[in-house]
Amino acid sequence: MKRILAILLTLALVASLGITSAFAEDFADGKFTNPQHLTVEVYNRYNDGGTDPTSSVYAQYIKDGMLEKYNIEVEFVSVGRWSEVDDIGNLLAAGQAPDVCVTYSYPTILTYADMGGIVDLNEPLTQYKDELGNLWNLLEDYNIYYDQDPETKALWCVEARLLNNARINTFIREDWLTKLGLDIPKTEEEFENALIAFRDNAETLLGADADKMIPFLTTTDIGWMCNQVINGHVAHDISDETAYVYGYDSRQILYPGAKEGIRTLNKWYNEGLMWKDFALNDSDQADNLIKSGWVGAFGHNYDYPYRNGEDSIQASIQRAAGADAAFVAIEPFTDDAGVPRKFLSDRVDRKCFLPSTCSNVHAALLYLDFISDPEVIKFLQVGQEGIVHEVTEDGAYRLLAMSDEDKAVWIQNSLNNIDHTITANGQYLGDATVASLALGYTPVDPKYITIAYDTAMNEGRVVAKFSVGAIESENEVGSSLDSYRDTWLNQAVVASVEEFDSVYDACQAEYLGMGGQQIIDERAAKLKEVYGVEVPTDLLTK
Amino acid sequence: MSQVKQPSLSREIKPQKMSWAVYLRRYGTLYLLLVLPVLFFLVFRYYPMQWIALAFKKNNIIQPLWSVPWVGFEWFQKAFQTKAFLNALRNTITLNLMDLVCGFPAPIILALLLNELTFKRFKKVTQTVLYLPHFLSWIIISGLATRLLADNDGLLNLIYKQMTGNSSAVIPFLSNPSYWRWTYIVLGIWKEAGWGTIIYLAALTNISPELYEAAAVDGAGRFRRMWHVTLPGLRPTIITLLIMRMGYILGSEFDRPLAMSNKLVTDVSQLISIYVYEQGIQGLKYSLTTAVGLFQNVVAVIFILATNALAKRMGERGIM
């Protein structure tokens with residue numbers, strides 16, 4: 001009996017050692033000994049002529065690299081770029097989210113974290129820090145711990161690095177100004193005069209299409225498209241604290257003074273200087289009008305008219321209106337100190353997180369490290385030399401105009417391939433970055449990109465971050481407010497001049513009543529609690 | 001005199017005893033045909049009903065339902081304290097009532113008119129043309145509406161401007177909340193009235209031609225025949241459809257308001273379906289929107305029962 005017991009115990013010991021060693025030795029010499037399978041989210045933009053992001057040449061490069069370096073088989077799961085919040089929410093709800101997820105929506109992460117559906121990265125990041133050198137080099141502590149709760153230390157995601165925080169520009173038709181003998185507008189008044197000149201000289205500028213003239217165009221997203229008009233009316237010395245308390249809205253529409261910017265738009269709308277039916281149409285229709293060459297000025301992402309190569313706005317208007325047609329970035333909207341202030345984005349972008357269904361947290365973190373490797377990012381951004389890019393004498397990367405055959409293989413579905421470089425948004429080419437920036441928009445003349453970048457960054461200001469933990473009311477009422485913000489601004493802009501104040505104030509009161517004031521109050525309270533700074537919460541209603 | 005036994009007029013049929021094997025052999029195929037529909041209802045209609053409990057629990061769809069703590073009526077209270085929901089509720093009721101008053105009689109009137117057409121080929125062509133809009137999606141219709149009705153670039157307004165000679169004269173079909181409501185209702189009628197006539201036209205075939213002949217002999221003209229023969233013949237169908245429609249008083253389509261709405265009219269176009277989409281799918285407030293859905297359903301059942309009872313009291317058969 002004793003012998004049998006001894007044999008059994010020995011067998012049990014050997015078996016347990018075997019099992020333990022199988023786990024312990026699963027990762028040795030920097031890679032897994034057994035192949036691991038990892039699913040990774042990738043945005044799909046469904047671009048015309050684009051490639052399948054789950055199997056493109058860039059996707060394959062990542063798969064090969066991960067297999068070789070870590071013995072991890074990567075499988076991409078495509079999520080619609082423009083429905084990403086809905087899609088990732090559904091995948092999380094169904095327990096089918098990829099092992100590595102990415103989203104722009106922090107409230108989505110927070111909601112699922114509350115439900116126990118997200119991995120707290122605080123411990124794993126500490127545990128594997130030594131293996132994550134690339135990730136740390138790229139993101140640094142600032143981005144990695146950006147969303148960490150100051151009390152519980154819980155960390156539900158790491159923030160991707162926004163490498164280029166130029167945000168919005170106002171563009172004007174340079175050739176129209178030349179044709180009418182006007183200088184580049186440097187003040188709001190000069191800009192308005194240019195718009196009036198466009199309107200009054202429609203026949204000179206557009207000939208038979210004179211009735212199509214739109215001096216200034218916006219879409220329903222007024223807060224974005226007209227951001228610089230609005231910011232021109234925000235006080236120059238607004239403190240970081242005030243900007244934080246009134247900074248819930250991503251378009252800064254709650255900043256004190258924004259109303260006067262909207263009043264300017266309302267005046268232009270009623271004077272026939274703006275696209276009359278903007279509120280009834282979508283952004284595709286707006287793009288078509290600009291590309292047709294009927295629009296004199298508009299605001300948008302800092303490089304918007306130059307994106308998408310031959311299909312860019314710049315290339316399109318040159319085909320429609322001649323080689324000298326061009327949009328150029330300007331900065332006529334100055335604040336009370338005469339400064340063309342731009343509120344720039346902080347250096348954070350998308351949020352990378354792991355759902356609690358993640359099969360292998362270690363492997364997932366290694367993926368984030370691999371995708372942050374400068375060499376990997378470089379290949380994803382500039383592709384193969386001789387096909388996608390060439391290196392100039394000064395070491396910059398110039399993207400080439402590819403043949404249709406090469407395009408079918410090497411086209412990038414997003415600028416700088418950001419759908420794959422999930423921890424980085426913007427060029428990351430080391431010393432060559434600055435010189436390469438303007439060379440990435442072939443066939444657009446690089447001088448326009450340089451002007452656009454310099455203009456967008458000139459007098460830029462990033463509002464300081466305050467780590468006060470999650471603001472619960474944002475999660476509670478945020479989605480309603482984001483939707484109502486556009487309603488508010490659209491209704492105010494199209495109101496008659498006489499009714500502007502009443503319409504604007506009524507909509508603002510509705511917005512604040514829907515929870516806007518609740519957010520302001522909570523932000524102010526948390527700011528006071530953590531930083532001891534008091535900001536009045538009634539600046540919008542005084 | 002011998003009594004002759006008269007055969008009974010009401011013969012009692014004794015139920016035949018049938019073995020399971022025979023029964024299954026005889027009717028098995030019918031049961032087999034039922035399997036898929038029953039499975040459909042079990043999987044997609046009854047199984048998900050367990051998550052109705054989410055309306056009374058914490059917002060958590062990751063943990064097993066039974067382990068999520070109860071919160072009572074918190075979500076219902078929250079919904080009724082939320083301005084956005086109250087707006088959506090008001091808009092849903094307003095548009096549904098307008099749809100009921102204007103949209104419900106439309107197919108009846110159309111069916112009556114079609115019924116009066118004597119030239120058969122013309123009638124068929126008209127019917128087909130009337131059915132066509134039903135097959136267009138609301139996305140297409142909203143695109144058409146924008147091209148036709150937009151304030152400045154819309155075809156109708158361009159014509160209106162030319163007619164009045166005033167370049168700033170505009171009928172704000174899509175940009176003014178009051179006008180928008182009517183545009184929404186009229187387009188809804190245009191899209192669905194033709195399709196809605198099918199059920200009434202089918203009901204009309206059941207009305208005996210003798211009734212029309214008798215009415216004609218009695219001197220009834222077309223209108224009188226319509227009023228005294230056709231409409232009473234349609235009454236059971238109308239009542240049935242009305243009862244079902246009443247169950248929809250808090251219901252709302254999703255694609256129609258989503259496609260037709262724009263930022264200038266969200267005050268009147270934000271319906272419960274959009275609210276649920278924004279808060280539930282986009283805002284991830286599953287418990288809140290389940291509570292809203294449950295509230296909608298309870299109201300629907302109350303309306304159906306009330307209308308049914310009213311119909312029965314008025315001498316109709318009702319639907320249950």
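Residue numbering restarts at 1 for every chain, and letters A, B, ... go by the order of the sequence lines. Here the structure is a predicted model, which is why all the values come from computation and not from measurement.
Interface remark: of the candidates Gly283(B), Ser142(B), Ala150(B), Ser168(B), Ala150(B) forms the most heavy-atom pairs closer than 4.5 Å to chain A. With chain B as the partner, the residue from Asp282(A), Thr220(A), Asp486(A) showing the most heavy-atom pairs under 4.5 Å is Asp486(A). Options Ser356(A), Gly513(A), Gly116(A), Gly515(A) differ in how many heavy-atom pairs under 4.5 Å they form with chain B, and the most are formed by Gly116(A).
Within the model, atoms CG of Leu92(A) and CD1 of Ile62(B) stand 6.0 Å from one another, a figure rounded to the nearest 0.5 Å. Annotation: the span from Leu284(B) atom CG to Ile109(A) atom CD1 amounts to 11.0 Å, rounded to 0.5 Å. Rounding to the nearest 0.5 Å places CE of Met514(A) at 7.0 Å from CG of Asn87(B). Ile281(B) contributes atom CD1, which lies 12.0 Å from atom OG of Ser83(A) (distance to the nearest 0.5 angstrom).
Looking at Thr111(A), only its side chain comes within 4.5 Å of chain B, counting heavy atoms on both sides. Both the backbone and the side chain of Thr108(A) come within less than 4.5 Å of a heavy atom of chain B. Contacts of Asn59(B) with chain A are made by both backbone and side-chain atoms, with heavy-atom separations under 4.5 Å. In this structure, no portion of Leu489(A) lies under 4.5 Å from any heavy atom of chain B. With a threshold of 4.5 angstrom between heavy atoms, Asp211(A) does not approach chain B through any atom at all.
For Ser483(A) against Glu278(B), the heavy-atom pair with the smallest separation is OG-OE2, 3.4 Å. Nearest heavy-atom pair, Lys263(B) versus Thr487(A), reported as atom, atom and distance to 0.1 Å: O-CG2, 3.4 Å. Residues Arg147(B) and Asn281(A) share a closest heavy-atom pair of NH2-OD1, 3.1 Å. When every heavy atom of Leu280(A) is checked against every heavy atom of Asn262(B), the shortest pair comes out as CD2-ND2, 3.3 Å. Scanning all heavy atoms of the two residues, the minimum distance from Gln282(B) to Val85(A) falls at O-CG1, 4.2 Å. Contact between Tyr286(B) and Ala93(A) at its shortest, heavy atoms only, is OH-CB, 4.2 Å.
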Exercise. Between Asn60(B) and Tyr112(A), does a side-chain contact (heavy atoms from CB on, under 4.5 Å) hold up when you go through it step by step?
Worked result: CA-CA 8 Å; Asn60(B) 195 326; Tyr112(A) 278 96; over 6 Å; no
Exercise. When you look at Lys276(A) and Asp151(B), which way does the side-chain contact (heavy atoms from CB on, under 4.5 Å) test go after all the steps?
Worked result: CA-CA 8 Å; Lys276(A) 278 285 175 189; Asp151(B) 284 8; over 6 Å; no
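More than 12 heavy atoms of other residues, nucleotides or ligands shown are found within 6.0 angstrom of CZ on Phe40(B). Within 6.0 Å of atom CE in Met163(B), 12 or fewer heavy atoms from other residues, nucleotides or ligands are found, so the atom counts as exposed in its surroundings. The local environment of CD in Glu472(A) is sparse, with at most 12 non-hydrogen atoms from other residues, nucleotides or ligands closer than 6.0 Å. Counting non-hydrogen atoms of other residues, nucleotides and ligands closer than 6.0 Å to CZ of Phe104(B) gives a total above 12. Around CD of Gln162(B), the count of heavy atoms belonging to other residues, nucleotides or ligands within 6.0 Å does not exceed 12.
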Please tabulate, for side-chain N and O atoms in residues 69-82 of chain B, each donor-acceptor pair with protein atoms closer than 3.5 Å (sequence neighbours left out).
unit_1   : atom_1 : unit_2    : atom_2 : d
Trp75(B) : NE1    : Lys57(B)  : O      : 2.7
Lys78(B) : NZ     : Glu476(A) : OE2    : 3.3
Thr82(B) : OG1    : Lys78(B)  : O      : 2.5

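Annotation: side chain of Lys83(B) is in contact with side chain of Glu510(A) (closest heavy-atom distance under 4.5 Å).
Checked options Asn152(B), Thr146(B), Asn157(B); the residue passing with Asp277(A) is Asn152(B) (criterion: side-chain hydrogen bond (donor to acceptor under 3.5 Å, both in side chains)).
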